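Working notes, beginning with the structure itself.
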Amino acid sequence: GIDGFAWDVELLLAAKKTLEPELLHKTGDIAFQAGRHDTAVWCYEKLAEIQPHNLPVRGNLAHIYTFILRDLEKAAVQFRALHKLEPGNTAHTFNLAICLAQLFHPAESLELYDELCRQEVPIIQVVLGRAQLHHSLGHPEEAMGSLNPFRDRFWDDPAFLMAYMSTAY
């Protein structure tokens with residue numbers, strides 16, 4: 001209601017005035033839950049300036065930019081920060097690879113996919129993503145070559161089999 005809106009405005013004004021990290025975070029969370037994504041982004045961006053190593057805030061920004069605002073350039077900034085902060089986190093690496101592929105940065109994306117595929121136990125989505133990127137670049141031989149080392153491991157998976165067959169033909 002009106003009271004909730006007034007309270008949100010008061011909270012935002014206090015966050016803007018004080019730039020207190022806890023208040024910025026809380027205001028961003030409340031704004032996000034209320035669907036006020038512009039306010040949430042403002043709070044989270046300010047908080048990321050103050051606390052550049054804040055993983056949850058970087059994750060929130062990446063999510064908002066990717067799935068709500070559809071701004072992949074800004075999402076990539078957050079995915080890069082997450083990847084830099086936690087280079088061993090495969091989810092950050094994978095999300096950055098996908099984002100870069102969608103932004104038409106295939107070389108950088110393939111580097112990340114290659115890194116992920118060198119892991120002891122890569123997930124199938126990584127293997128298929130790399131092959132799909134090779135294929136979309138008009139390199140079916142590289143796509144096939146990137147799938148072959150994983151044939152034994154993923155042959156029983158219908159997604160792998162479909163990707164393998166569509167790449168082969």
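Not measured: the values here are computed from a predicted model. Only heavy atoms go into these numbers, but all of them, side chains included; no hydrogens, no water, no symmetry mates.
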Looking at A31 and A40, what are the two nearest heavy atoms and their distance? CB-N, 3.7 Å
Using a 4.5 Å cut-off on heavy atoms from C-beta on, say whether the side chain of M144 contacts that of N148. yes
For the student: nearest non-hydrogen atoms of P106 and L133, plus distance: O-CD2, 4.0 Å
On a heavy-atom basis, which atom in A163 and which in S166 lie closest, and how many Å separate them? O-OG, 3.2 Å
Tell me whether L55 shares a hydrophobic cluster with L96, the cluster being built from Ile, Leu, Val, Met, Phe, Trp, Tyr side chains joined at under 4.5 Å. yes
Applying side chain to side chain contact (heavy atoms under 4.5 Å, CB included), run through N54 and L47 and close with a yes or a no. CA-CA 8 Å; N54 189 321; L47 191 51; 4.1 Å; yes
Quick one, T39 and I30 - any side-chain contact, counting heavy atoms below 4.5 Å? no
Would you call the rings of F160 and F154 parallel, tilted or perpendicular if under 30° counts as parallel and over 60° as perpendicular? tilted
Yes or no on side chain to side chain contact (heavy atoms under 4.5 Å, CB included) for L24 and W42, after CA distance, side-chain angles and deciding distance? CA-CA 9 Å; L24 284 167; W42 186 89; 3.8 Å; yes
What's the spacing between C99 SG and F94 CZ if we round to 0.5 Å? 12.5 Å
Min side-chain heavy-atom separation H25-N60 under 4.5 Å: yes
Would you name the heavy atoms of P122 and R153 that are closest together and state the gap between them? O-NH1, 2.9 Å
Within the supplied structure, the quantity of interest is the number of heavy atoms (other residues, nucleotides, ligands) at a distance under 6.0 Å from Q51 CD; does it exceed 12? yes
Pair E115-R118, salt bridge (Lys or Arg N to Asp or Glu O under 4.0 Å): steps then yes or no: CA-CA 5 Å; E115 172 188 324; R118 283 191 298 271; 5.5 Å; no
From CD (E108) to CG (L103), nearest 0.5 Å: 9.5 Å
Minimal heavy-atom distance between A62 and A75, with the atoms involved, is O-CB, 4.3 Å
Report whether V126 and L110 are members of the same hydrophobic cluster (ILVMFWY, side-chain heavy atoms less than 4.5 Å apart, transitive linking). yes
Honestly curious: do I68 and L82 fall in one hydrophobic cluster under the side-chain, below-4.5 Å linking rule? no
Checking H135 against T167: is there a side-chain donor and acceptor pair closer than 3.5 Å? no
From CA spacing to verdict: ring pair (Phe, Tyr, Trp, His ring centres under 6.0 Å), H92, F79: CA-CA 6 Å; H92 299 328; F79 286 130; 8.0 Å; no
Please examine the side chains of E45 and Q78, heavy atoms only from C-beta on, and report whether any two atoms are closer than 4.5 Å. yes
State, with a plain yes or no, whether a side-chain heavy atom of I64 is found less than 4.5 Å away from one of Y44. yes
Quick one: CG on L69 to NE2 on H63, what's the gap to the nearest 0.5 Å? 10.0 Å
dist R58:CZ -> H53:NE2 (nearest 0.5 Å) comes out at 8.5 Å
Between CZ on residue R151 and CG on residue L147, distance to nearest 0.5 Å: 10.0 Å
Under 3.5 Å, side chain of Y65 to main-chain N/O of V77, donor-acceptor pair present? no
Using a 4.5 Å cut-off on heavy atoms from C-beta on, say whether the side chain of S146 contacts that of V127. no
Do L100 and L72 come close enough that some side-chain heavy atom pair is under 4.5 Å? no
R130 side-chain N/O to D114 backbone N/O, donor-acceptor pair under 3.5 Å: no
Do M162 and L128 share a hydrophobic cluster (ILVMFWY, side-chain heavy atoms under 4.5 Å, transitive)? no
Using a 4.5 Å cut-off on heavy atoms from C-beta on, say whether the side chain of I98 contacts that of Y113. yes
Rounded distance (nearest 0.5 Å) linking atom OG of S109 with atom CZ of F104: 11.5 Å
Search all heavy atoms of C43 against all heavy atoms of T27 and return the closest pair with its distance. SG-CG2, 3.7 Å
Ring pair (Phe, Tyr, Trp, His ring centres under 6.0 Å) for W155 and Y164? Distances and angles first, verdict last. CA-CA 9 Å; W155 194 252; Y164 195 88; 5.1 Å; yes
